[in-house]
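Quick caveat, the model's predicted, so the values are computed rather than measured.
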Amino acid sequence: MKITLKDGSVKEYAQAMSAYDIALDISEGLARVACAAEINGEVKDLRTMITEDAELSILTANDAEGIRTVRHTCSHVLAEAVKRVFPDAKLAIGPSIDTGFYYDFEHAPFSREDLDKLEAEMKKIIKEGHKLEKFTLPRAEAIKFMEEKGEPYKVELIEDLPEDSEISFYDQGGFVDLCAGPHLMNTKGIKAFKLTSSSMAYWRGDSNKAQLQRIYGTAFNKKEELEEYLAYWENVKNRDHNKLGREMELFTTVDVIGQGLPLLMPKGAKIIQTLQRWIEDLEDNEWGYMRTKTPLMAKSDLYKISGHWDHYKEGMFVFGDEEKDKEVFALRPMTCPFQYYVYKASQKSYRDLPCRYSETSTLFRNEDSGEMHGLTRVRQFTISEGHLIVRPDQMVEEFKGCLALAKYCLETLGVNDDVTYRLSKWDPNNKEKYIGEPEVWEETQNHIRNILKELEIPFYEAEGEAAFYGPKVDINAKNVYGKEDTMITIQWDALLAEQFDMYYIDQNGDKVRPYIIHRTSMGCYERTLAWLTEKYEGKFPTWLCPEQVRVLPISEKYSEYANKVAAEMKKNGIRVTVDERSEKIGYKIRETRLAKVPYMVVVGQKEEEENLISVRSRFLGDEGQKELKTFIADICEEIRTKEIRKEQVAEETK
RNA sequence: GCUGAAAUAGCUCAGUCGGUAGAGCACUUCACUCGUAAUGAAGGGGUCGUGGGUUCGAGUCCCAUUUUCAGCUCCA
């Protein structure tokens with residue numbers, strides 16, 4: 001039996017051996033920190049017997065898989081601690097996740113004091129140094145075993161496994177848990193962990209099922225790494241748009257206005273206005289879009305045709321009662337049918353297509369009350385929503401154009417590297433959820449796949465994420481807490497034209513159904529503002545800054561000159577203010593820096609006499625004296641090109 | 001919607017056993033007229049989220065409600 005190791009070396013063994021024994025053979029020191037083994041590309045338990053030639057790499061706690069194993073074992077230690085401290089608790093499920101691990105229990109809510117108590121117990125278990133021993137039972141025996149232990153959730157989990165399978169368990173010094181592994185060899189391998197929080201979670205994520213209590217924790221190889229991680233999360237709060245955005249006065253919320261209805265304040269509104277004007281001009285002038293302005297509400301009749309009345313009524317704000325009132329209205333949750341009627345208002349020739357409609361569109365969705373969050377989950381939001389009505393032969397080219405536009409927008413904002421592109425496909429095993437023929441689905445998905453490849457966009461594919469009428473590309477971004485949100489979506493729709501009886505007249509004079517692309521170029525503006533706030537920590541690129549330059553006279557004596565300088569900048573379209581207060585220059589600089597204004601212009605006697613300005617920027621610090629003309633030309637160019645300048649790494653005192 | 005936590009000055013927070021509401025920053029005024037990250041002094045500012053209840057007396061205890069946060073589910 002030949003074993004090929006990661007470094008390319010080959011070892012030969014006469015008999016079958018476990019990965020652990022091989023690890024021991026290679027290096028005793030390595031085996032001590034080893035967690036699991038990657039055997040022929042698959043992560044397996046260290047005890048896995050290797051019976052034939054294999055490629056083997058022993059994963060240590062330093063590997064990505066290794067740390068997952070540490071965390072996984074840590075979740076078992078947590079489960080044991082819970083059983084020791086709260087014997088009545090029932091065990092549900094406890095995996096490792098990107099940020100650590102969690103375990104769900106049936107128990108009363110855990111307080112912070114409970115978590116501290118559990119941490120202490122876990123430390124004890126780790127110190128006791130239990131070996132983790134794997135054993136298996138036939139399914140029927142496994143069910144009986146967990147029934148006797150009084151663990152109904154475990155029984156349910158086993159019942160979902162195939163009839164004839166062998167169920168694996170891990171025993172850590174008497175505490176036994178159902179688990180596929182892999183695990184550490186010994187609880188002593190856990191060097192640094194912390195229970196971070198607890199919350200409610202539904203059994204199997206189903207809100208109709210039992211409510212469990214989830215305990216979150218994290219684990220690392222070294223104490224320093226854990227401390228670094230905890231410090232990072234402490235620091236993340238300073239980037240959180242929901243905190244920073246309020247501090248910087250981008251937006252606020254008011255009790256009596258309501259949940260999910262943030263108020264954009266002058267600074268936030270200015271940024272959104274800047275984005276909006278950019279997108280609208282870009283779409284209209286360079287990408288051939290036609291602007292529409294359609295009603296924010298409509299009679300229920302419209303939503304009955306679109307299908308929203310039957311499928312999305314819960315998510316809409318409805319006014320009136322169908323039994324009592326002659327007319328019932330609802331605020332719109334999307335713009336599609338409104339723009340379809342714009343198309344339908346006149347008869348179209350094949351020469352008129354593609355019709356690219358776009359609207360800076362405010363939408364209303366009645367989200368569940370617990371869903372609202374800052375600017376990212378709201379009940380009223382504005383998107384650059386467009387619908388392209390195209391001939392089938394134009395579909396690929398137009399879809400490509402939508403993707404290229406979205407990519408251009410992301411690149412301009414400097415965030416293209418932070419997003420993931422997802423090809424959202426239908427689920428062939430769940431045909432009822434989707435309309436249309438399987439061949440059509442496969443064909444359109446192939447088209448989109450080819451377009452993505454042609455544009456050299458890295459993407460992944462996900463089944464069951466498509467819209468009911470067609471596949472789509474979703475462009476997702478993570479917020480500072482690692483939670484993913486869709487920023488942009490481009491949807492391929494070969495079916496809804498039928499529902500709305502849309503057509504065009506082709507060369508032969510026949511009526512033909514067009515295809516439709518539903519797309520956004522910048523998605524939701526509120527969400528984009530939140531995203532940029534977190535990405536840039538409030539230090540927006542100059543072209544987006546609500547205040548681009550602040551002029552700081554050294555004393556009141558130079559106010560007149562300061563205002564003259566500011567007026568000249570204003571004439572050139574620069575957003576500039578003057579701080580005329582009788583404060584020391586150091587104080588004004590500090591305040592301007594904390595306000596994250598990109599440029600400060602300091603003027604005093606020297607500048608006034610020589611007709612110059614002194615510049616200090618977020619990018620280079622003190623830039624010295626300059627001609628006003630030069631400064632204006634430079635900053636105007638920076639704004640025009642939407643340049644993202646590199647921030648100076650400076651000690652920030654707060 | 002569900003589970004838990006929270007709400008005190010514009011902001012960050014303190015407020016003990018139920019006994020007259022506190023600090024720092026910010027704001028206003030005055031003095032200083034200043035050269036690259038905090039000048040000094042004085043002053044104003046609160047129905048303690050809202051509505052009930054218990055009590056001689058409630059920021060503090062109880063109930064309801066609104067909003068915010070964390071998480072579940074859902075979603076742009």
Student: Once you apply a heavy-atom cut-off of 4.0 Å, does A/Gly523 come out as touching a base, just sugar-phosphate, or nothing?
Tutor: nothing
Student: Need the pair for B/rU16. Rule: Watson-Crick or G-U wobble, both distances under 3.5 Å, any strand; none if unpaired.
Tutor: none
Student: Could you tell me the Watson-Crick or G-U partner of B/rA38, where both distances fall under 3.5 Å? Say none if there is no partner.
Tutor: none
Student: Please report the distance separating the P of B/rC17 from the corresponding atom of B/rC27, rounded so that it comes out in whole Å.
Tutor: 37 Å
Student: Which part of the nucleic acid does A/Ile554 contact within heavy-atom distance under 4.0 Å: base, sugar-phosphate only, or nothing?
Tutor: base
Student: Pick base, sugar-phosphate or nothing for A/Glu591, based on heavy-atom distances below 4.0 Å to the nucleic acid.
Tutor: nothing
Student: Where does the angle between the aromatic ring planes of A/Tyr408 and A/Trp278 fall among parallel (under 30°), tilted (30 to 60°) and perpendicular (over 60°)?
Tutor: tilted
Student: Using a 4.0 Å heavy-atom cut-off across all strands, classify A/Glu556 as base, sugar-phosphate, or nothing.
Tutor: base
Student: Measuring only the P atom in each nucleotide, how far is B/rG24 from B/rA41? A whole number of Å is fine.
Tutor: 11 Å
Student: May I ask you to check whether A/Phe105 and A/Phe86 place their ring centres under 6.0 Å from each other?
Tutor: no
Student: Take atom C1' in B/rG49 and the same atom in B/rU67, then report the distance between them in whole Å.
Tutor: 7 Å
Student: Is any side-chain heavy atom of A/Pro333 closer than 4.5 Å to a side-chain heavy atom of A/Phe364?
Tutor: no
Student: When A/Arg291 is tested against each of A/Glu385, A/Glu283, A/Glu359 for salt bridge (Lys or Arg N to Asp or Glu O under 4.0 Å), which residue passes?
Tutor: A/Glu283
Student: Please give, in whole Å, the distance from B/rC74 P to A/Arg379 CZ?
Tutor: 18 Å
Student: Base, sugar-phosphate alone, or nothing: which one does A/Gln491 contact when heavy atoms must sit under 4.0 Å apart?
Tutor: nothing
Student: Rounding to an integer number of Å, can you tell me how far A/Asp368 CG sits from B/rU67 P?
Tutor: 14 Å
Student: Looking at the side chain of A/Lys584, which of B/rC34, B/rU68, B/rA37 is the nearest nucleotide?
Tutor: B/rC34
Student: Using atom C1' of each nucleotide, how far apart are B/rU16 and B/rC61 to the nearest Å?
Tutor: 16 Å
Student: Inspect the contact between A/Arg214 and A/Asp104 and indicate whether a charged nitrogen and a carboxylate oxygen are less than 4.0 angstrom apart.
Tutor: yes
Student: Quick one: the side chain of A/Arg246 and the base of B/rC11, do they pair up donor-acceptor inside 3.5 Å?
Tutor: no
Student: Just the rounded figure in Å: distance from P of B/rU66 to CG of A/Asp255.
Tutor: 11 Å
Student: With a 4.0 Å cut-off on heavy atoms, is A/Tyr587 in touch with a base, just the backbone sugar-phosphate, or nothing at all?
Tutor: sugar-phosphate
Student: To the nearest Å, give me how far apart CD (A/Glu484) and P (B/rA76) are.
Tutor: 13 Å
Student: Just to be sure I understand the rule, does A/Arg377 reach a base, reach only the sugar-phosphate, or reach nothing, if contact means heavy atoms closer than 4.0 Å?
Tutor: base
Student: Looking across every strand, which nucleic acid part, if any, lies under 4.0 Å from A/Glu526 by heavy atom: base, sugar-phosphate, or nothing?
Tutor: nothing
Student: How would you label the contact of A/Ser614 with the nucleic acid (heavy atoms, under 4.0 Å): base, sugar-phosphate, or nothing?
Tutor: base
Student: To the nearest angstrom, how far is A/Glu314 atom CD from B/rG1 atom P?
Tutor: 12 Å
Student: Expressed in whole Å, how much space separates the P atoms belonging to B/rG19 and B/rU3?
Tutor: 33 Å
Student: When the distance from CE of A/Met372 to P of B/rA76 is rounded to whole Å, what number comes out?
Tutor: 15 Å
Student: Heavy atoms only, 4.0 Å cut-off, all strands: where does A/Gly624 land among base, sugar-phosphate and nothing?
Tutor: nothing
Student: Just the rounded figure in Å: distance from P of B/rG4 to NE2 of A/His107.
Tutor: 14 Å
Student: Ignoring hydrogens and angles, tell me if any N or O in the side chain of A/Thr196 forms a donor-acceptor pair with the backbone of A/Tyr216 under 3.5 Å.
Tutor: yes
Student: With a 4.0 Å cut-off on heavy atoms, is A/Val378 in touch with a base, just the backbone sugar-phosphate, or nothing at all?
Tutor: base
Student: Which nucleotide, if any, forms a Watson-Crick or G-U wobble pair with B/rC69, using both distances under 3.5 Å?
Tutor: B/rG4
Student: Whether A/Glu610 and A/Lys606 form a salt bridge (side-chain N of Lys/Arg under 4.0 Å from carboxylate O of Asp/Glu) is what I want to check.
Tutor: no
Student: So A/Ser582, base contact, sugar-phosphate only, or nothing? Heavy-atom distance under 4.0 Å.
Tutor: base
Student: How close or far is atom C1' of B/rU67 from atom CD of A/Glu371, stated in whole angstroms?
Tutor: 16 Å
Student: Go through the N and O atoms of the side chain of A/Glu249 and the base of B/rG10, and report whether any donor-acceptor pair is under 3.5 Å.
Tutor: no
Student: Under 4.0 Å between any heavy atoms, over every strand shown, what does A/Lys606 touch: base, sugar-phosphate, or nothing? Just pick one.
Tutor: base
Student: Record whether the side chain of A/Gln259 comes under 3.5 Å of the base of B/rU66 through a donor-acceptor pair of N or O atoms.
Tutor: no
